[in-house]
Colleague: 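First the structure, which I've put down as structure tokens, then a few questions once you've had a look.
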Amino acid sequence: MRVNLLVGGPVELIPQEVVRSRRAETWIAVDHGASLLLKWGILPAAAVGDFDSTSPAEFAQVQRRLAEIETFPPAKDFTDTQLGVKLAIDRYQPAQIDVFGATGGRLDHFLANLYLPLQDCFQNYLDRIRLLDRGNTVSYYRPGAYTITKEADKDYLAFVNLTPVTGLTLPDEKYPLNDWSSTIPFSWSSNRFTAAENHFSFTSGVVAVIQAADGPQG
């Protein structure tokens, strides 16, 4: 099964049409994401967070509508997004976790979300977590050889090593790469598909693949 999370990031970056199309799927709300889901006619299975981004009136509505709410103090060991992903894993052991609303806004929040799958408690789910917004889909990969399928609304393709990486090879993208290695994080950005499916491989490290759309995303 797939579990969806809505984090309280900038509303203009959340692909509402995608969220609404998944109305019948399982949702976990993180902080202000609970108010947004209720506004869009979706009742999440649970809500989690410190709710410091939720007004008292909004939180009162969340309390009236949701059977399960886990509240935490602002000073805690886990971020709200981490708490949401951990709840999804512990409860559902899903085949995929899609996180919406985790990009944009404060840069430190985005970086915390980007690097979340590398943390020890999420490592086993690294390749099952994705971050999605209006213009981007971020997927994570362990070493291996892969086929990736182009999303219809995305023109650009990036390969970002989040850890030291060896042997990164892009054989059939517009800008190919052969057996590239690096000891520091690096983003091979603004690449493109040359067909409906392209391929890549690497031998060690963790690589994030980003499919991206150009222009305003609001």
Side-chain angles (χ1 to χ4, degrees), residues 5 7-10 13 30 76-86 88-89 96-151 153-195 197-217:
L5 269 69
V7 182
L13 294 183
V30 176
K76 54 190 182 298
D77 293 333
F78 290 94
T79 68
D80 286 346
T81 304
Q82 288 174 320
L83 291 170
V85 173
K86 188 174 185 302
I89 293 171
Q96 185 172 318
I97 300 173
D98 280 357
V99 184
F100 297 84
T103 62
R106 282 174 47 181
L107 187 56
D108 59 332
H109 286 172
F110 167 66
L111 290 174
N113 293 332
L114 177 68
Y115 285 101
L116 180 151
L118 276 67
Q119 297 163 17
D120 288 344
C121 56
F122 303 119
Q123 271 279 340
N124 290 339
Y125 271 78
L126 180 144
D127 52 3
R128 288 182 268 181
I129 296 173
R130 298 194 304 172
L131 309 181
L132 299 94
D133 64 27
R134 280 199 179 276
N136 305 275
T137 300
V138 183
S139 304
Y140 298 86
Y141 292 85
R142 305 178 189 277
Y146 299 97
T147 299
I148 46 176
T149 302
K150 184 183 184 303
E151 297 181 22
D153 61 337
K154 308 292 194 303
D155 295 323
Y156 293 98
L157 186 60
F159 297 85
V160 184
N161 62 296
L162 301 175
T163 68
V165 69
T166 59
L168 180 60
T169 298
L170 315 177
D172 50 9
E173 283 73 16
K174 181 175 182 180
Y175 305 110
L177 192 66
N178 184 53
D179 197 25
W180 178 83
S181 301
S182 177
T183 59
I184 63 171
F186 191 85
S187 176
W188 290 100
S189 59
S190 297
N191 213 323
R192 290 178 180 264
F193 282 87
T194 57
E197 293 184 339
N198 276 165
H199 306 83
F200 76 102
S201 63
F202 61 106
T203 54
S204 71
V206 174
V207 172
V209 175
I210 304 174
Q211 294 198 44
D214 205 356
Q217 297 165 17

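We're numbering straight along the sequence, starting at 1.
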Colleague: Looking only at atom types and distance, does a side-chain atom of Thr169 sit under 3.5 Å from a main-chain N or O of Asp179, one as donor and one as acceptor?
Modeller: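 Here the side-chain-to-backbone pair exists.
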Colleague: What is the minimum heavy-atom distance between Pro171 and Pro176, and which atoms define it?
Modeller: O-CB, 4.4 Å
Colleague: Measure the CG-OG distance between Asp98 and Ser139 for me, rounded to the nearest 0.5 Å.
Modeller: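 One finds 8.5 Å between CG of Asp98 and OG of Ser139.
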Colleague: With distance as the sole test, does Glu173 use its side chain to make a donor-acceptor pair with the main-chain N or O of Phe193 at under 3.5 Å?
Modeller: no
Colleague: Kindly give the heavy-atom pair with the smallest separation between Ala158 and Ser189, and that separation in Å.
Modeller: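 So the minimum-distance heavy-atom pair works out to CB-CA, 3.9 Å.
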Colleague: Is the backbone N or O of Leu157 less than 3.5 Å from a side-chain atom of Asn191, with the two atoms forming a donor-acceptor pair by type?
Modeller: no
Colleague: Evaluate Asp80 against Val7 for side-chain contact (heavy atoms from CB on, under 4.5 Å), listing each step before the verdict.
Modeller: CA-CA 8 Å; Asp80 286 346; Val7 182; over 6 Å; no
Colleague: Using only atom types and a distance under 3.5 Å, with no angle test, would you say the side chain of Gln211 pairs donor to acceptor with the backbone of Glu151?
Modeller: yes
Colleague: Please determine whether the number of non-hydrogen atoms from other residues, nucleotides or ligands lying under 6.0 Å from atom NZ of Lys154 exceeds 12.
Modeller: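 Counting neighbours around NZ of Lys154, more than 12 heavy atoms of other residues, nucleotides or ligands fall under 6.0 Å, so yes.
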Colleague: Provide the closest heavy-atom pair for Val30 versus Gly84 in the form atom of the first, atom of the second, distance.
Modeller: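 In this case the closest contact between Val30 and Gly84 is CG2-CA, 4.0 Å.
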Colleague: Does the side chain of Asn136 reach to within under 4.5 Å of the side chain of Thr103, using non-hydrogen atoms?
Modeller: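 They are not in contact (no side-chain heavy atoms under 4.5 Å apart), so the answer is no.
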Colleague: Donor-acceptor pair, distance only, cut-off 3.5 Å: does the side chain of Ser201 make one with the backbone of Gly144?
Modeller: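 Answer holds: no.
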Colleague: To the nearest 0.5 Å, tell me how far Leu131 CG sits from Leu5 CG.
Modeller: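 One gets 10.5 Å once the value is rounded to the nearest 0.5 Å.
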Colleague: Could you grab the distance from atom CG of Leu170 to atom CD1 of Ile148, nearest 0.5 Å is fine?
Modeller: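 One finds 8.0 Å between CG of Leu170 and CD1 of Ile148.
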Colleague: With a cut-off of under 6.0 Å to the ring centre and 45° to the axis, is Arg130 in cation-pi contact with Tyr140?
Modeller: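 Geometry flag: not set, cation outside 6.0 Å or 45°.
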Colleague: Would the distance check show the side chain of Asn161 and the main-chain N or O of Phe186 forming a donor-acceptor pair, the cut-off being under 3.5 Å?
Modeller: yes
Colleague: To the closest 0.5 Å, what do you measure between OG (Ser187) and CZ (Phe159)?
Modeller: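 Going from the OG atom of Ser187 to the CZ atom of Phe159 covers 10.5 Å.
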Colleague: Heavy-atom distance under 4.5 Å between the side chains of Ile97 and Arg128, does that happen here?
Modeller: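 Contact flag for Ile97/Arg128 side chains = no.
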Colleague: Ignoring hydrogens and geometry, is there a side-chain-to-backbone donor-acceptor pair from Asn113 to Ala102 under 3.5 Å?
Modeller: yes
Colleague: Sequence neighbours left out, what passes side chain to side chain contact (heavy atoms under 4.5 Å, CB included) with Tyr146? Give chain and number order.
Modeller: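 Tyr146 satisfies side chain to side chain contact (heavy atoms under 4.5 Å, CB included) with Tyr141, Arg142, Phe200, Phe202 only.
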Colleague: Looking at CZ of Arg192 and CG of Asn198, how far apart are the two atoms once the value is rounded to the nearest 0.5 Å?
Modeller: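 So the CZ of Arg192 and the CG of Asn198 are separated by 12.5 Å.
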Colleague: With sequence neighbours excluded, what pairs up with Asp108 under the side chain to side chain donor-acceptor pair (under 3.5 Å) test?
Modeller: Arg106
Colleague: For Gly167 versus Ser181, what's the shortest heavy-atom pair and its separation?
Modeller: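 Nearest heavy atoms, Gly167 then Ser181: N-OG, 3.1 Å.
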Colleague: Taking C-beta and beyond as the side chain, do Trp180 and Val165 meet within less than 4.5 Å on heavy atoms?
Modeller: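 Contact flag for Trp180/Val165 side chains = yes.
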Colleague: What residue among Thr203, Leu177, Asn178 forms side chain to side chain contact (heavy atoms under 4.5 Å, CB included) with Leu168?
Modeller: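 Only one option passes, and that is Leu177.
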Colleague: What is the minimum heavy-atom distance between Pro164 and Thr183, and which atoms define it?
Modeller: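 Residues Pro164 and Thr183, closest heavy atoms: CG-O, 3.5 Å.
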Colleague: Can any side-chain N or O of Thr163 pair as donor or acceptor with the backbone N or O of Gly205 at less than 3.5 Å?
Modeller: no
Colleague: Only pairs at least two apart or in different chains count here, so list each ring-ring contact (aromatic ring centres under 6.0 Å, His included) that has a residue in residues 107-133.
Modeller: none
